[in-house]
Amino acid sequence: MAKLSFDDISIKAVVTTAGDKKLKIEDEASKFSYDEKSLKRLKRSMGFESRYVLSDDSVCTSDLCLASAEKIFEGLDIGPESIDALIMVTQTPDYRAPSSAIIMQHRLGLTEDTIAYDINLGCSGFINGLFTAYSMINSGLGRVLLCVGDVASRFAYERDRNLTPLMGDAGSAVLIERGGGSRSYFLLRSDGSGYRHLIIPDGGCRRPFSKESLELRVSQDGSVRRDMDMYMNGAEIFNFTIKVVPTMFDELLEFAGMGKEDMDYFVLHQANRYILRNIAKRLGVSEDRLPMDTVSIYGNQNSASIPGTINAFLSDSYSNSSLRSIFAGFGIGLSWGACIVDTESIFAPGIFHYEKKERE
Amino acid sequence: MRERVQKIVYEAIEELNEELGSDELREAKEDTALFEALDSMAVLDFILAVEEKLEESFSKYVQIADERSMDASRTPFATVGSAIEYICERVRNG
(Lines give C-alpha, C1' and ligand atoms only; values in the text may rest on other atoms or scores of the structure.)
Protein backbone atom coordinates (compact mmCIF):
# COMPACT_ATOMS: atom_id res chain seq x y z
CA MET A 1 0.00 0.00 0.00
CA ALA A 2 1.76 3.14 -1.21
CA LYS A 3 0.51 5.54 1.44
CA LEU A 4 3.26 6.83 3.66
CA SER A 5 3.97 9.70 6.00
CA PHE A 6 7.19 11.40 7.08
CA ASP A 7 8.01 13.58 10.07
CA ASP A 8 10.32 16.55 10.31
CA ILE A 9 11.36 16.80 6.65
CA SER A 10 10.64 19.85 4.54
CA ILE A 11 11.11 21.66 1.26
CA LYS A 12 13.43 24.67 1.56
CA ALA A 13 13.68 25.91 -2.01
CA VAL A 14 11.99 25.62 -5.39
CA VAL A 15 13.50 27.17 -8.53
CA THR A 16 12.42 26.63 -12.14
CA THR A 17 14.14 27.57 -15.38
CA ALA A 18 11.96 27.44 -18.50
CA GLY A 19 12.91 27.58 -22.17
CA ASP A 20 13.94 30.95 -23.57
CA LYS A 21 11.84 30.96 -26.74
CA LYS A 22 8.16 31.81 -26.67
CA LEU A 23 5.99 30.15 -29.31
CA LYS A 24 2.46 31.46 -29.74
CA ILE A 25 -0.18 28.97 -30.81
CA GLU A 26 -1.34 31.34 -33.57
CA ASP A 27 2.13 31.27 -35.09
CA GLU A 28 2.20 27.48 -35.03
CA ALA A 29 -1.36 26.93 -36.30
CA SER A 30 -0.41 26.31 -39.92
CA LYS A 31 2.19 23.69 -38.94
CA PHE A 32 -0.56 21.70 -37.21
CA SER A 33 -3.09 22.41 -39.98
CA TYR A 34 -5.49 24.07 -37.54
CA ASP A 35 -8.12 26.19 -39.18
CA GLU A 36 -9.42 29.25 -37.38
CA LYS A 37 -12.32 27.40 -35.82
CA SER A 38 -10.23 24.52 -34.50
CA LEU A 39 -7.79 26.96 -33.04
CA LYS A 40 -10.58 28.82 -31.26
CA ARG A 41 -11.90 25.57 -29.80
CA LEU A 42 -8.46 24.47 -28.66
CA LYS A 43 -7.81 27.75 -26.95
CA ARG A 44 -11.14 27.63 -25.18
CA SER A 45 -11.13 23.95 -24.16
CA MET A 46 -7.49 23.23 -23.55
CA GLY A 47 -6.19 26.69 -22.75
CA PHE A 48 -3.53 26.77 -25.47
CA GLU A 49 -2.01 30.20 -25.84
CA SER A 50 1.76 29.88 -25.88
CA ARG A 51 4.64 27.72 -24.70
CA TYR A 52 8.31 28.23 -23.88
CA VAL A 53 10.90 25.98 -25.49
CA LEU A 54 14.67 26.02 -25.79
CA SER A 55 15.97 27.85 -28.84
CA ASP A 56 19.28 25.96 -28.78
CA ASP A 57 19.09 22.24 -29.58
CA SER A 58 22.34 21.56 -27.77
CA VAL A 59 20.85 22.57 -24.40
CA CYS A 60 19.46 19.68 -22.34
CA THR A 61 17.17 19.20 -19.36
CA SER A 62 20.22 18.92 -17.13
CA ASP A 63 21.32 22.42 -18.19
CA LEU A 64 17.96 23.84 -17.13
CA CYS A 65 18.11 21.98 -13.81
CA LEU A 66 21.71 23.03 -13.29
CA ALA A 67 20.79 26.69 -13.75
CA SER A 68 17.97 26.22 -11.21
CA ALA A 69 20.23 24.43 -8.71
CA GLU A 70 22.86 27.16 -8.91
CA LYS A 71 20.18 29.74 -8.11
CA ILE A 72 19.34 27.76 -4.96
CA PHE A 73 22.97 27.60 -3.86
CA GLU A 74 23.30 31.32 -4.41
CA GLY A 75 19.92 32.27 -2.91
CA LEU A 76 20.34 30.22 0.25
CA ASP A 77 24.11 30.71 0.42
CA ILE A 78 24.83 27.00 0.72
CA GLY A 79 27.74 25.10 -0.75
CA PRO A 80 27.60 22.06 -3.04
CA GLU A 81 29.44 20.01 -0.43
CA SER A 82 26.32 20.11 1.75
CA ILE A 83 24.27 18.03 -0.71
CA ASP A 84 24.02 14.33 0.20
CA ALA A 85 22.03 13.15 -2.81
CA LEU A 86 20.95 14.36 -6.24
CA ILE A 87 17.88 12.78 -7.80
CA MET A 88 17.13 13.63 -11.42
CA VAL A 89 13.65 12.87 -12.73
CA THR A 90 13.52 13.12 -16.51
CA GLN A 91 12.58 11.36 -19.71
CA THR A 92 15.06 13.42 -21.68
CA PRO A 93 18.46 12.62 -20.17
CA ASP A 94 21.73 13.83 -21.69
CA TYR A 95 22.58 10.29 -22.83
CA ARG A 96 20.87 6.89 -22.78
CA ALA A 97 23.56 6.05 -20.25
CA PRO A 98 24.95 7.04 -17.79
CA SER A 99 22.45 8.82 -15.57
CA SER A 100 22.39 12.58 -16.05
CA ALA A 101 22.36 12.95 -12.26
CA ILE A 102 25.88 11.57 -12.03
CA ILE A 103 27.17 14.00 -14.65
CA MET A 104 25.42 16.79 -12.76
CA GLN A 105 27.16 15.72 -9.54
CA HIS A 106 30.42 16.62 -11.22
CA ARG A 107 29.17 19.75 -12.97
CA LEU A 108 27.68 21.16 -9.77
CA GLY A 109 30.80 20.36 -7.79
CA LEU A 110 29.08 17.95 -5.41
CA THR A 111 31.35 15.62 -3.46
CA GLU A 112 31.98 11.97 -4.35
CA ASP A 113 29.97 11.06 -1.26
CA THR A 114 26.87 12.17 -3.12
CA ILE A 115 24.25 9.58 -4.10
CA ALA A 116 23.15 10.39 -7.67
CA TYR A 117 20.82 8.64 -10.08
CA ASP A 118 17.99 9.24 -12.54
CA ILE A 119 14.35 8.28 -12.33
CA ASN A 120 12.51 7.84 -15.63
CA LEU A 121 9.10 9.42 -15.07
CA GLY A 122 7.04 12.22 -16.57
CA CYS A 123 4.00 13.96 -15.18
CA SER A 124 3.97 12.09 -11.86
CA GLY A 125 7.73 12.55 -11.56
CA PHE A 126 7.75 15.43 -9.11
CA ILE A 127 5.69 13.50 -6.55
CA ASN A 128 7.74 10.31 -6.97
CA GLY A 129 10.99 12.28 -6.85
CA LEU A 130 9.88 14.13 -3.74
CA PHE A 131 8.92 10.83 -2.15
CA THR A 132 12.40 9.44 -2.94
CA ALA A 133 14.05 12.51 -1.43
CA TYR A 134 11.91 12.30 1.72
CA SER A 135 12.68 8.57 2.00
CA MET A 136 16.41 9.23 1.75
CA ILE A 137 16.29 11.85 4.47
CA ASN A 138 14.12 9.57 6.56
CA SER A 139 16.92 7.00 6.19
CA GLY A 140 19.52 9.39 7.52
CA LEU A 141 20.62 11.88 4.87
CA GLY A 142 20.52 15.58 5.69
CA ARG A 143 19.97 17.39 2.42
CA VAL A 144 18.75 16.19 -1.00
CA LEU A 145 18.63 18.08 -4.28
CA LEU A 146 15.75 16.97 -6.48
CA CYS A 147 15.94 17.95 -10.15
CA VAL A 148 12.90 17.44 -12.36
CA GLY A 149 12.08 18.37 -15.92
CA ASP A 150 12.15 17.64 -19.60
CA VAL A 151 12.91 19.21 -22.94
CA ALA A 152 9.52 17.85 -23.87
CA SER A 153 9.35 19.82 -27.11
CA ARG A 154 11.92 17.41 -28.54
CA PHE A 155 10.21 14.11 -27.93
CA ALA A 156 7.04 15.06 -29.79
CA TYR A 157 7.17 15.28 -33.60
CA GLU A 158 6.80 18.85 -34.82
CA ARG A 159 3.62 18.04 -36.80
CA ASP A 160 1.88 16.05 -34.07
CA ARG A 161 -1.11 18.31 -33.59
CA ASN A 162 -2.31 16.40 -30.50
CA LEU A 163 0.87 16.57 -28.50
CA THR A 164 3.38 19.10 -29.77
CA PRO A 165 1.31 22.27 -29.13
CA LEU A 166 1.24 21.21 -25.47
CA MET A 167 4.92 20.71 -24.92
CA GLY A 168 7.06 23.19 -22.99
CA ASP A 169 10.67 22.87 -21.81
CA ALA A 170 11.58 23.39 -18.17
CA GLY A 171 13.91 22.14 -15.46
CA SER A 172 13.40 22.67 -11.73
CA ALA A 173 15.57 22.14 -8.70
CA VAL A 174 14.06 21.54 -5.28
CA LEU A 175 15.98 21.42 -2.01
CA ILE A 176 14.70 19.08 0.69
CA GLU A 177 16.16 18.98 4.20
CA ARG A 178 15.80 17.38 7.57
CA GLY A 179 13.86 19.66 9.91
CA GLY A 180 10.64 21.55 9.58
CA GLY A 181 8.50 19.89 12.20
CA SER A 182 5.30 18.91 10.49
CA ARG A 183 4.14 15.59 9.05
CA SER A 184 3.96 15.02 5.28
CA TYR A 185 1.70 12.48 3.57
CA PHE A 186 2.25 10.66 0.27
CA LEU A 187 0.11 8.46 -1.94
CA LEU A 188 1.66 6.83 -5.02
CA ARG A 189 0.12 4.55 -7.63
CA SER A 190 1.11 2.78 -10.89
CA ASP A 191 -0.85 0.92 -13.58
CA GLY A 192 1.34 -0.54 -16.32
CA SER A 193 -1.65 -1.93 -18.20
CA GLY A 194 -1.96 1.52 -19.75
CA TYR A 195 1.66 1.86 -20.84
CA ARG A 196 0.76 2.05 -24.55
CA HIS A 197 -1.37 5.17 -24.11
CA LEU A 198 1.62 7.47 -23.64
CA ILE A 199 4.76 6.01 -25.11
CA ILE A 200 7.84 6.50 -27.26
CA PRO A 201 7.66 3.11 -28.99
CA ASP A 202 11.10 2.90 -30.62
CA GLY A 203 14.61 3.35 -29.36
CA GLY A 204 14.62 1.03 -26.36
CA CYS A 205 15.56 -2.66 -26.20
CA ARG A 206 12.02 -3.87 -26.95
CA ARG A 207 11.93 -2.06 -30.27
CA PRO A 208 15.40 -0.80 -31.14
CA PHE A 209 15.79 2.25 -33.33
CA SER A 210 15.69 1.35 -37.05
CA LYS A 211 15.04 3.11 -40.31
CA GLU A 212 11.31 2.32 -39.83
CA SER A 213 11.45 4.46 -36.69
CA LEU A 214 11.78 7.47 -38.98
CA GLU A 215 8.76 6.71 -41.17
CA LEU A 216 6.02 9.31 -40.94
CA ARG A 217 2.65 8.01 -39.80
CA VAL A 218 -0.52 9.98 -40.40
CA SER A 219 -3.40 9.30 -38.04
CA GLN A 220 -7.10 9.71 -38.84
CA ASP A 221 -7.21 13.17 -37.31
CA GLY A 222 -4.36 14.36 -39.53
CA SER A 223 -1.69 14.21 -36.86
CA VAL A 224 1.77 13.22 -38.09
CA ARG A 225 4.42 11.43 -36.05
CA ARG A 226 7.12 8.75 -36.17
CA ASP A 227 7.62 5.75 -33.90
CA MET A 228 10.68 7.39 -32.39
CA ASP A 229 8.42 10.19 -31.11
CA MET A 230 6.04 10.33 -28.18
CA TYR A 231 2.55 9.02 -28.89
CA MET A 232 -0.49 9.94 -26.83
CA ASN A 233 -3.91 8.33 -26.96
CA GLY A 234 -5.71 11.44 -25.80
CA ALA A 235 -9.03 9.72 -25.14
CA GLU A 236 -7.48 7.06 -22.92
CA ILE A 237 -5.42 9.59 -20.99
CA PHE A 238 -8.52 11.71 -20.51
CA ASN A 239 -10.43 8.67 -19.21
CA PHE A 240 -7.59 7.73 -16.88
CA THR A 241 -7.35 11.24 -15.47
CA ILE A 242 -11.06 11.63 -14.89
CA LYS A 243 -11.14 8.26 -13.17
CA VAL A 244 -8.15 8.42 -10.84
CA VAL A 245 -7.35 12.01 -9.97
CA PRO A 246 -10.42 13.08 -7.96
CA THR A 247 -10.46 9.83 -5.95
CA MET A 248 -6.75 10.22 -5.26
CA PHE A 249 -7.49 13.47 -3.40
CA ASP A 250 -10.25 11.86 -1.37
CA GLU A 251 -7.96 8.98 -0.38
CA LEU A 252 -5.01 11.16 0.54
CA LEU A 253 -7.09 13.58 2.59
CA GLU A 254 -8.70 10.69 4.45
CA PHE A 255 -5.27 9.15 5.08
CA ALA A 256 -4.02 12.48 6.47
CA GLY A 257 -7.18 13.05 8.49
CA MET A 258 -7.61 16.42 6.82
CA GLY A 259 -10.20 18.18 4.70
CA LYS A 260 -10.00 20.28 1.55
CA GLU A 261 -10.53 23.35 3.69
CA ASP A 262 -7.20 22.65 5.45
CA MET A 263 -5.28 23.20 2.21
CA ASP A 264 -4.02 26.59 1.14
CA TYR A 265 -3.15 25.42 -2.38
CA PHE A 266 -3.82 22.53 -4.70
CA VAL A 267 -0.88 22.55 -7.11
CA LEU A 268 -1.50 19.97 -9.81
CA HIS A 269 0.39 18.76 -12.82
CA GLN A 270 -0.62 21.22 -15.55
CA ALA A 271 -1.97 18.80 -18.13
CA ASN A 272 -4.53 21.06 -19.79
CA ARG A 273 -7.09 23.62 -18.74
CA TYR A 274 -10.10 21.34 -19.15
CA ILE A 275 -8.75 18.67 -16.83
CA LEU A 276 -7.73 21.21 -14.22
CA ARG A 277 -11.03 23.05 -14.38
CA ASN A 278 -12.91 19.78 -14.11
CA ILE A 279 -10.94 18.73 -11.03
CA ALA A 280 -11.34 22.16 -9.44
CA LYS A 281 -15.10 22.05 -9.94
CA ARG A 282 -15.35 18.55 -8.61
CA LEU A 283 -13.33 19.45 -5.54
CA GLY A 284 -15.26 22.68 -5.09
CA VAL A 285 -12.00 24.63 -5.01
CA SER A 286 -11.67 28.07 -6.58
CA GLU A 287 -9.03 28.89 -9.20
CA ASP A 288 -7.09 31.09 -6.80
CA ARG A 289 -6.35 27.97 -4.72
CA LEU A 290 -5.88 25.67 -7.71
CA PRO A 291 -3.82 27.52 -10.31
CA MET A 292 -4.29 26.41 -13.90
CA ASP A 293 -2.58 28.93 -16.17
CA THR A 294 0.83 27.27 -16.53
CA VAL A 295 -0.09 25.25 -19.58
CA SER A 296 -1.53 28.33 -21.32
CA ILE A 297 1.65 30.34 -20.93
CA TYR A 298 4.53 27.87 -20.57
CA GLY A 299 3.09 24.65 -22.00
CA ASN A 300 2.98 21.29 -20.26
CA GLN A 301 6.28 21.13 -18.40
CA ASN A 302 5.92 17.44 -17.46
CA SER A 303 7.63 16.68 -14.16
CA ALA A 304 8.55 20.36 -13.73
CA SER A 305 4.97 21.60 -14.01
CA ILE A 306 4.26 21.60 -10.26
CA PRO A 307 7.40 23.51 -9.22
CA GLY A 308 7.00 25.56 -12.40
CA THR A 309 3.52 26.63 -11.27
CA ILE A 310 4.82 27.57 -7.82
CA ASN A 311 7.56 29.74 -9.32
CA ALA A 312 5.44 31.28 -12.06
CA PHE A 313 2.25 32.04 -10.15
CA LEU A 314 2.68 31.51 -6.40
CA SER A 315 6.15 32.85 -5.77
CA ASP A 316 5.06 35.53 -3.28
CA SER A 317 2.85 33.20 -1.26
CA TYR A 318 5.43 30.43 -0.97
CA SER A 319 8.23 32.91 -0.24
CA ASN A 320 6.41 34.76 2.51
CA SER A 321 3.90 32.45 4.17
CA SER A 322 3.40 29.22 6.06
CA LEU A 323 1.38 27.06 3.71
CA ARG A 324 -0.19 23.62 3.56
CA SER A 325 -0.39 22.29 0.00
CA ILE A 326 -1.48 19.26 -1.92
CA PHE A 327 0.73 18.50 -4.90
CA ALA A 328 -0.53 15.97 -7.46
CA GLY A 329 0.92 14.50 -10.65
CA PHE A 330 -0.55 12.02 -13.13
CA GLY A 331 0.37 10.69 -16.55
CA ILE A 332 2.79 8.46 -18.40
CA GLY A 333 3.23 4.94 -17.06
CA LEU A 334 0.45 5.12 -16.17
CA SER A 335 1.57 6.61 -12.90
CA TRP A 336 -0.02 9.00 -10.44
CA GLY A 337 0.59 10.35 -6.98
CA ALA A 338 -0.11 13.15 -4.55
CA CYS A 339 1.29 14.50 -1.32
CA ILE A 340 0.40 16.93 1.43
CA VAL A 341 3.30 19.06 2.62
CA ASP A 342 3.71 22.12 4.83
CA THR A 343 6.16 24.84 3.81
CA GLU A 344 7.48 27.78 5.80
CA SER A 345 8.57 30.81 3.72
CA ILE A 346 10.76 28.90 1.29
CA PHE A 347 13.13 30.25 -1.35
CA ALA A 348 10.80 30.38 -4.35
CA PRO A 349 11.68 33.18 -6.76
CA GLY A 350 9.70 33.85 -9.94
CA ILE A 351 10.35 31.58 -12.90
CA PHE A 352 13.60 32.08 -14.83
CA HIS A 353 14.20 31.67 -18.54
CA TYR A 354 17.31 29.93 -19.74
CA GLU A 355 20.23 32.14 -20.69
CA LYS A 356 23.00 30.49 -22.63
CA LYS A 357 25.65 32.80 -21.22
CA GLU A 358 25.08 31.28 -17.78
CA ARG A 359 26.82 28.13 -18.92
CA GLU A 360 29.67 29.69 -20.89
CA MET B 1 -36.09 18.70 -15.80
CA ARG B 2 -35.73 16.74 -19.03
CA GLU B 3 -36.88 19.75 -21.03
CA ARG B 4 -34.18 21.93 -19.45
CA VAL B 5 -31.50 19.33 -20.16
CA GLN B 6 -32.81 18.83 -23.69
CA LYS B 7 -32.59 22.58 -24.33
CA ILE B 8 -29.05 22.68 -22.96
CA VAL B 9 -27.91 19.76 -25.12
CA TYR B 10 -29.36 21.24 -28.32
CA GLU B 11 -27.89 24.65 -27.52
CA ALA B 12 -24.45 23.10 -26.96
CA ILE B 13 -24.69 21.18 -30.24
CA GLU B 14 -25.76 24.29 -32.10
CA GLU B 15 -22.87 26.33 -30.70
CA LEU B 16 -20.40 23.56 -31.44
CA ASN B 17 -21.72 23.19 -34.94
CA GLU B 18 -21.11 26.84 -35.71
CA GLU B 19 -17.49 25.73 -35.87
CA LEU B 20 -17.93 22.15 -37.10
CA GLY B 21 -20.44 22.93 -39.88
CA SER B 22 -21.94 19.42 -39.91
CA ASP B 23 -25.22 19.03 -41.86
CA GLU B 24 -26.17 16.10 -39.64
CA LEU B 25 -25.78 18.11 -36.45
CA ARG B 26 -27.62 21.08 -37.94
CA GLU B 27 -30.70 18.85 -38.23
CA ALA B 28 -29.98 17.01 -34.96
CA LYS B 29 -32.77 14.91 -33.47
CA GLU B 30 -32.71 12.48 -30.57
CA ASP B 31 -31.65 9.55 -32.78
CA THR B 32 -28.78 11.52 -34.40
CA ALA B 33 -25.41 9.83 -33.90
CA LEU B 34 -23.63 12.44 -31.81
CA PHE B 35 -20.35 10.78 -30.82
CA GLU B 36 -19.61 9.68 -34.38
CA ALA B 37 -20.05 13.23 -35.61
CA LEU B 38 -17.45 14.63 -33.20
CA ASP B 39 -13.69 14.25 -33.02
CA SER B 40 -12.20 13.80 -29.55
CA MET B 41 -11.60 17.52 -29.12
CA ALA B 42 -15.19 18.26 -30.09
CA VAL B 43 -16.44 15.69 -27.54
CA LEU B 44 -14.44 17.56 -24.90
CA ASP B 45 -15.87 20.85 -26.11
CA PHE B 46 -19.39 19.44 -25.96
CA ILE B 47 -18.85 18.22 -22.39
CA LEU B 48 -17.40 21.58 -21.38
CA ALA B 49 -20.29 23.54 -22.90
CA VAL B 50 -22.94 21.29 -21.32
CA GLU B 51 -21.29 21.40 -17.89
CA GLU B 52 -21.19 25.20 -18.00
CA LYS B 53 -24.82 25.46 -19.04
CA LEU B 54 -25.92 22.94 -16.39
CA GLU B 55 -24.16 24.95 -13.73
CA GLU B 56 -25.94 28.11 -14.90
CA SER B 57 -29.31 26.43 -15.09
CA PHE B 58 -29.21 24.25 -11.96
CA SER B 59 -26.88 26.40 -9.83
CA LYS B 60 -24.59 23.48 -9.11
CA TYR B 61 -21.67 21.79 -10.80
CA VAL B 62 -22.63 18.53 -12.45
CA GLN B 63 -19.77 16.50 -13.88
CA ILE B 64 -20.86 14.67 -17.00
CA ALA B 65 -17.41 13.42 -18.02
CA ASP B 66 -16.32 10.02 -16.83
CA GLU B 67 -14.13 7.20 -18.10
CA ARG B 68 -16.78 6.17 -20.64
CA SER B 69 -17.01 9.59 -22.28
CA MET B 70 -14.38 8.98 -24.95
CA ASP B 71 -14.90 5.23 -25.33
CA ALA B 72 -16.85 4.62 -28.56
CA SER B 73 -18.25 1.30 -27.30
CA ARG B 74 -19.52 2.67 -23.98
CA THR B 75 -19.99 6.39 -24.40
CA PRO B 76 -23.24 7.81 -23.11
CA PHE B 77 -23.01 10.38 -25.92
CA ALA B 78 -23.67 7.84 -28.70
CA THR B 79 -26.85 9.63 -29.76
CA VAL B 80 -28.38 12.95 -28.83
CA GLY B 81 -31.14 11.06 -27.00
CA SER B 82 -28.77 8.88 -24.99
CA ALA B 83 -26.78 11.98 -24.06
CA ILE B 84 -29.94 13.69 -22.77
CA GLU B 85 -30.95 10.64 -20.72
CA TYR B 86 -27.48 10.28 -19.26
CA ILE B 87 -27.19 13.97 -18.39
CA CYS B 88 -30.63 13.90 -16.73
CA GLU B 89 -29.40 11.01 -14.59
CA ARG B 90 -26.26 12.92 -13.64
CA VAL B 91 -28.32 15.99 -12.69
CA ARG B 92 -30.62 13.83 -10.56
CA ASN B 93 -27.70 12.14 -8.80
CA GLY B 94 -25.29 15.07 -8.82
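Here is the naming used below: chain letters follow the sequence lines, and residue numbers restart at 1 for every chain.
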Bottom line for B/A49: the part with an atom under 4.5 Å from chain A's heavy atoms is neither
Interatomic distance, OH@B/Y61 vs CG@A/L283, rounded to 0.5 Å, equals 10.0 Å
Crowding at CD, B/E3 (>12 non-hydrogen neighbours, <6.0 Å): no
For A/R196, look at atom CZ and say whether over 12 heavy atoms of other residues, nucleotides or ligands are found less than 6.0 Å away. no
Are more than 12 heavy atoms, taken from residues, nucleotides or ligands other than A/E254, located less than 6.0 Å from that residue's CD atom? no
Would you find more than 12 non-hydrogen atoms of other residues, nucleotides or ligands less than 6.0 Å from A/E26 atom CD? yes
To the nearest 0.5 Å, how far apart are OH in A/Y274 and CG in B/D45? 10.0 Å
Rounded distance [0.5 Å steps], CD1 in A/I275 versus CG in B/L44: 7.0 Å
B/E15 versus chain A, the contacting section by heavy-atom distance below 4.5 Å: neither
Which distance, rounded to the nearest 0.5 Å, do you find between the CZ of B/R68 and the NZ of A/K243? 12.0 Å
Is it the case that more than 12 heavy atoms not belonging to B/E55 sit under 6.0 Å from its CD atom? yes
For the pair B/E51 and A/R277, find out whether any cationic side-chain nitrogen is under 4.0 Å from an anionic carboxylate oxygen. no
Just how far is it from atom CG of B/D71 to atom CZ of A/F238, taken to the nearest 0.5 Å? 12.0 Å
So for B/E18, is it side chain, backbone, both, or neither that comes closer than 4.5 Å to the heavy atoms of chain A? backbone
